[in-house]
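Everything below concerns the one structure shown next.
Computed from a predicted model, the values in this text were never measured in an experiment. Because only heavy atoms are used, hydrogens play no part in the values below, and waters and symmetry mates are left out as well, while side chains stay in. In what follows, chains are A, B, ... by sequence order, proteins preceding strands, each numbered from 1.
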Number of protein chains: 2
Amino acid sequence: MAARATPGQRTSPAAEAWSLMYELLGAYGRRRVVAVASELELSPPQVMALKMLEPGRPVPMRELARALHCDNSNVTGIADRLEDRGLVERRGADHDRRVKLLCLTPEGEDLRERLWELLSRPPEPLGRLAPADQRALRDIMRRALRASG
Amino acid sequence: MAARATPGQRTSPAAEAWSLMYELLGAYGRRRVVAVASELELSPPQVMALKMLEPGRPVPMRELARALHCDNSNVTGIADRLEDRGLVERRGADHDRRVKLLCLTPEGEDLRERLWELLSRPPEPLGRLAPADQRALRDIMRRALRASG
DNA sequence: TATTGTTATACTCTATAACTATA
DNA sequence: TATAGTTATAGAGTATAACAATA
């Protein structure tokens, strides 16, 4: 959509690629997060929080706040609701009694596995690409993100 | 981030490409919308609404609702706040007196132009790619989205 | 003094349902 | 009857500021 509204001849290849990617993600990325969230009866931020919580690796709440690009105070409420549903637990950290760690419950691990599978399946337009295009796309994306952290 | 947490050898090229794209967009796409919104003192949905409103092409509110993937009733509030700031106007439609059309004011057009420029600039990782990679990426994305509507 | 997490507050988004005025 | 937009309501996200406990 972005690409179509901008005159094609003025845009650089990178800019056009970007707006096409934006279009793909607008159509399949965010919409998918919302769809997955609704299917699992979660909110989008709750989905992103669960996505961050790898099994067996408790995460300080402030780290979650940074990952979600939001204030610490928001994580309190998000964690509250996940805890109410029995998906995560708060635990104290040994080395610093101010810190609280979030970790998945067994139910949380199960839900996260379903969530992960739903999110990581590539969307139709990519799946339809010729295998050579798929590999080329992967390689270009690897090069783009290689040095960016 | 998505790619890293999934074992590389199990993922197909399309799936890995997808998660790398997801990573790029997570880092630069949504964050950029939020940053642009905050710079222009708008909310993200307001940004998306302005993005949809091409100058000289009034849009029925229900169409905006569909484009934003939200209920009609939400558009009322979003349009209210844009109208309060003098960026859009409501106008009646000739053929159907139930319909209200949103159109940009001159101020809205100016703001939309700045907005569009901020959003369409490709992110660093794409800009750093070799020109041949940029063109290849653009061509693959064109092929992927060509038949998808 | 600075940091972690919480609480309180205010604003926005979002869906649902009920309403109006049209069609 | 169905549709476009509004209103009312409720739940969630978000930022800011103030706070307690800890470092």
- request: Kindly indicate whether the side chain of A/Leu126, heavy atoms from C-beta on, has any atom under 4.5 Å from the side chain of A/Leu24.
  value: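 With C-beta onward as the side chain, the pair touches.
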Separation between [atom1] of [X] and [atom2] of [Y], rounded to the nearest 0.5 Å:
X	Y	atom1	atom2	result
A/Leu145	B/Leu20	CG	CG	5.5 Å
A/Leu82	A/Leu104	CG	CG	9.5 Å
B/Met141	A/Trp18	CE	CH2	11.0 Å
B/Arg146	A/Leu129	CZ	CG	9.5 Å

Filtered N/O pairs between nucleotides 20-23 of chain D and protein, under 3.5 Å:
unit_1 : atom_1 : unit_2  : atom_2 : d
D/dT22 : OP1    : A/Arg97 : NH2    : 3.2
D/dA23 : OP1    : A/Arg97 : N      : 3.1

Between side-chain atoms of residues 55-66 of chain B and protein atoms elsewhere (two or more places apart, or another chain), which donor-acceptor pairs fall under 3.5 Å?
none

- Query: For B/Asp80, which residues count as a side chain to side chain donor-acceptor pair (under 3.5 Å) partner, sequence neighbours excluded?
  - Reply: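 So B/Asp80 forms a side chain to side chain donor-acceptor pair (under 3.5 Å) with B/Arg90.
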**Message:** Restricting to side chain to side chain donor-acceptor pair (under 3.5 Å), what partner residues turn up for B/Asn72, sequence neighbours left out?
**Reply:**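 So B/Asn72 forms no side chain to side chain donor-acceptor pair (under 3.5 Å) with any residue.
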- [ ] Could you tell me whether A/Asp94 atom CG has more than 12 heavy atoms of other residues or ligands within 6.0 Å of it?
- [x]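 For A/Asp94, atom CG is not crowded (no more than 12 foreign heavy atoms under 6.0 Å).
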Item to complete: Would you kindly give the CD-to-P distance between B/Gln46 and D/dG13, to the nearest whole Å?
Response: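 Whole-Å distance recorded here is 20 Å.
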(Q) Whole angstroms only, please: what is the CG-C1' distance between A/Leu42 and D/dG13? (A)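 Rounding to the nearest Å, CG of A/Leu42 and C1' of D/dG13 are 14 Å apart.
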So which protein N/O to nucleotides 16-19 of chain D N/O distances come out below 3.5 Å?
unit_1 : atom_1 : unit_2  : atom_2 : d
D/dT16 : O4     : A/Ser73 : OG     : 2.9

Notebook entry, point to check: Any Lys/Arg nitrogen of A/Glu16 or B/Arg142 sitting under 4.0 Å from an Asp/Glu carboxylate oxygen of the other?
Noted result: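 Between B/Arg142 and A/Glu16 there is a salt bridge, with a charged N closer than 4.0 Å to a carboxylate O.
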When all nucleic acid strands are considered with a 4.0 Å heavy-atom cut-off, which category describes B/Ser43: base, sugar-phosphate, or nothing?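 Sugar-phosphate: the residue B/Ser43, judged by heavy atoms under 4.0 Å, touches backbone atoms but no base.
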Quiz item: Under a criterion of less than 4.0 angstrom to any heavy atom of chain A, what are the 5'-terminal and 3'-terminal contacting nucleotides of DNA chain C?
Solution: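 First-to-last contact on DNA chain C, by the 4.0 Å heavy-atom rule, is C/dA2 to C/dT7.
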